[in-house]
Undergrad: 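Would you mind keeping the following structure in view while I ask a few things?
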Number of protein chains: 2
Amino acid sequence: MARKSGSSGIKTAKQLHETATVLFAKNGYAAVSMRQIAREVGVQAGALYLYTADKQSLLFDLLDEHMKDLLDAWEGRTTPHEITPIDQLERFVRFHIRFHLPRADEVFISYMELRNLTPENFEVIQNARRTYEAILHDILSAGQTDGTFKVSDTKVATYAIIAMLTGMNTWYRDEGRLSLDMIEEIYLDLVLSAAGATP
Amino acid sequence: MARKSGSSGIKTAKQLHETATVLFAKNGYAAVSMRQIAREVGVQAGALYLYTADKQSLLFDLLDEHMKDLLDAWEGRTTPHEITPIDQLERFVRFHIRFHLPRADEVFISYMELRNLTPENFEVIQNARRTYEAILHDILSAGQTDGTFKVSDTKVATYAIIAMLTGMNTWYRDEGRLSLDMIEEIYLDLVLSAAGATP
DNA sequence: TTTACATTTGAACGCTTGTTCAGTTAGCGT
DNA sequence: ACGCTAACTGAACAAGCGTTCAAATGTAAA
């Protein structure tokens with residue numbers, strides 16, 4: 001056997017990314033072998049190297065893709081002009097939850113596997129993350145300036161709120177007690193309170 | 001050479017735990033080899049098996065030790081009788097920060113390497129974690145009942161607050177902008193606000 | 001039908017992995 | 001001084017690792 005009937009490059013490439021995402025999330029980058037990924041994709045290990053230069057690039061591509069999607073999704077929203085910091089914060093929280101919850105595996109990898117990136121690759125992802133954090137920081141700063149928010153330190157508050165929101169991914173389950181809509185409202189309350197929002 | 005001069009079992013055992021903690025935190029459990037640990041300890045790989053049954057037990061012991069220390073430290077505090085939920089929450093926050101900040105590596109491992117535990121070992125650590133979360137949940141529930149706190153869901157608030165607090169470990173550096181005391185106050189504010197505390 | 005190319009196999013490469021164990025030495029109690 | 005045990009070495013084991021590549025086969029265009 002060599003080439004398989006019905007084989008297609010784009011399909012295999014997509015399956016590679018999907019499989020790697022799931023396996024990396026479940027077992028960790030270092031613990032997953034190329035052969036294991038290949039088996040799940042339904043191909044021999046050698047074939048994977050038509051779609052990735054090496055294992056490291058595979059990890060980087062997944063993370064880079066995820067961060068690009070995140071930032072693109074934020075940029076792509078329809079935003080009314082001149083809305084209050086409170087409305088901005090509300091929009092950010094809802095966006096964050098809606099974007100992150102359906103991407104549990106990607107989010108998990110993005111937080112867990114940073115240390116397995118080469119320094120250059122790490123830099124790229126880190127920058128993207130900083131860009132995202134800056135969005136929230138700008139909102140908090142604006143609210144702090146005009147008096148609608150009251151936090152002792154906008155930088156720390158930024159980290160705290162993002163950690164709080166992202167932590168959701170560690171316990172949320174689709175079959176759980178609360179619907180996505182309810183969770184959204186609960187977290188919105190928590191974040192607005194934490195920011196000391198005075199409507 | 002065989003036994004080395006000045007060698008002592010307890011010393012090597014301690015070095016093994018310390019070295020493993022640092023290396024697992026920096027590179028991840030799966031990415032660290034027993035030989036790498038041995039080199040750092042200053043011993044051949046075979047010698048490590050005098051102090052751990054296998055690599056898995058080594059990881060488990062580190063996590064188990066950490067969780068036991070955490071729960072023991074909480075139990076061992078001096079607690080006045082009959083204090084208000086607000087005071088209880090304040091005590092919890094300060095305790096959490098003071099305990100976790102100097103243990104960056106242990107905390108990191110505790111969150112990152114859970115998936116590398118066998119199911120039985122995972123269960124043990126998970127239970128300890130649940131015990132810890134229950135402490136905060138009880139405080140929030142008490143405050144919710146007597147009206148000093150106002151949160152839409154005490155369970156979610158518990159997760160959110162712990163995520164917020166533990167997230168600190170990802171950005172805190174000793175040489176950073178803020179002193180430990182300042183950070184403590186900032187986080188205390190954030191948590192009390194998030195809990196909707198009305199003094 | 002032939003040609004060109006996309007896709008995959010399967011074997012091979014050198015290296016590392018966790019773990020075991022017989023043999024060797026250091027320190028200590030007697 | 002002797003013997004016992006604690007501590008460690010160094011080699012060995014089978015298995016698995018990431019990666020490369022010539023060869024084989026499917027697909028599509030000419």
Side-chain angles (χ1 to χ4, degrees), chain A residues 1-21 23-24 26-63 109 113 115-118 120-121, chain B residues 1-24 26-63 109 113 115-121:
Chain A
M1 270 188 283
R3 178 168 186 173
K4 297 155 88 175
S5 78
S7 64
S8 131
I10 4 171
K11 210 173 85 185
T12 310
K14 205 174 134 196
Q15 275 185 4
L16 168 58
H17 272 217
E18 286 172 1
T19 305
T21 300
L23 288 181
F24 285 168
K26 189 171 349 190
N27 305 110
Y29 171 76
V32 174
S33 71
M34 294 300 274
R35 284 175 177 82
Q36 194 177 341
I37 297 172
R39 200 182 316 128
E40 207 93 345
V41 173
V43 103
Q44 292 289 329
L48 298 183
Y49 289 83
L50 276 143
Y51 307 102
T52 185
D54 45 35
K55 200 188 175 189
Q56 166 71 207
S57 305
L58 177 55
L59 174 60
F60 173 72
D61 286 346
L62 295 182
L63 298 200
I109 299 175
E113 305 295 356
R115 61 185 166 189
N116 284 310
L117 292 172
T118 62
E120 310 83 45
N121 286 343
Chain B
M1 271 187 281
R3 178 167 186 173
K4 296 153 89 176
S5 79
S7 64
S8 132
I10 4 171
K11 211 174 84 185
T12 310
K14 206 175 133 195
Q15 275 185 6
L16 168 58
H17 272 217
E18 286 172 1
T19 304
T21 300
V22 173
L23 288 181
F24 285 169
K26 187 168 355 189
N27 306 111
Y29 171 77
V32 174
S33 72
M34 294 299 273
R35 283 175 179 82
Q36 194 178 341
I37 297 172
R39 199 182 318 129
E40 208 94 345
V41 173
V43 105
Q44 291 290 329
L48 298 184
Y49 289 83
L50 279 149
Y51 307 102
T52 186
D54 46 35
K55 199 187 176 190
Q56 166 70 208
S57 306
L58 178 55
L59 175 61
F60 173 72
D61 286 345
L62 295 181
L63 299 200
I109 299 175
E113 305 295 357
R115 63 185 166 188
N116 283 311
L117 292 172
T118 61
E120 310 82 45
N121 286 344

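Quick note: numbers below take in every heavy atom, side chains included, and nothing from hydrogens, waters or symmetry partners.
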Undergrad: For the backbone of A:K14 and the side chain of A:Y51, can you confirm whether one donor and one acceptor N or O come within less than 3.5 Å of each other?
TA: no
Undergrad: Under a 4.0 Å heavy-atom cut-off, which of residues 47-61 of chain A touch DNA chain C?
TA: A:A47, A:L50, A:Y51
Undergrad: A:D61: what forms a side chain to side chain contact (heavy atoms under 4.5 Å, CB included) with it, not counting sequence neighbours?
TA: A:H17
Undergrad: Do A:R35 and D:dG16 share a donor-acceptor pair, side chain to base, under 3.5 Å?
TA: no
Undergrad: Could you tell me which residues satisfy salt bridge (Lys or Arg N to Asp or Glu O under 4.0 Å) with A:R115, sequence neighbours excluded, listed by chain and number?
TA: B:E113
Undergrad: For a 4.5 angstrom cut-off between non-hydrogen side-chain atoms, does A:M34 reach A:T52?
TA: yes
Undergrad: For DNA chain D, whose closest nucleotide is more 5', that of A:G46 or that of A:R39?
TA: A:R39
Undergrad: Looking at B:Q44, does any N or O in its side chain come under 4.0 Å of the phosphate oxygens OP1/OP2 on D:dC8?
TA: no
Undergrad: For A:I37 and C:dT8, what is the distance between atoms CD1 and P respectively, to the nearest whole Å?
TA: 16 Å
Undergrad: What's the CG-P distance between A:L16 and D:dT19, to the nearest Å?
TA: 12 Å
Undergrad: Hey, does A:V32 reach any base, or is it just sugar-phosphate, or nothing, if we go heavy atoms under 4.0 Å?
TA: sugar-phosphate
Undergrad: Are B:L58 and B:I37 side-chain neighbours, meaning at least one heavy-atom pair lies under 4.5 Å?
TA: yes
Undergrad: Please tell me if the side chains of B:L16 and B:V43 come closer than 4.5 Å, counting only heavy atoms from C-beta onward.
TA: no
Undergrad: Could you give the CD1-to-P distance, from B:I10 to D:dC8, as a whole number of Å?
TA: 11 Å
Undergrad: Atom NZ of B:K14 and atom C1' of D:dA7: how far apart are they, to the nearest Å?
TA: 18 Å
Undergrad: Can you see if the side chain of B:S33 gets near the phosphate of C:dT16 - specifically, an N or O under 4.0 Å from OP1 or OP2?
TA: no
Undergrad: Does D:dA7 have its OP1 or OP2 closer than 4.0 Å to a side-chain nitrogen or oxygen of B:T12?
TA: no
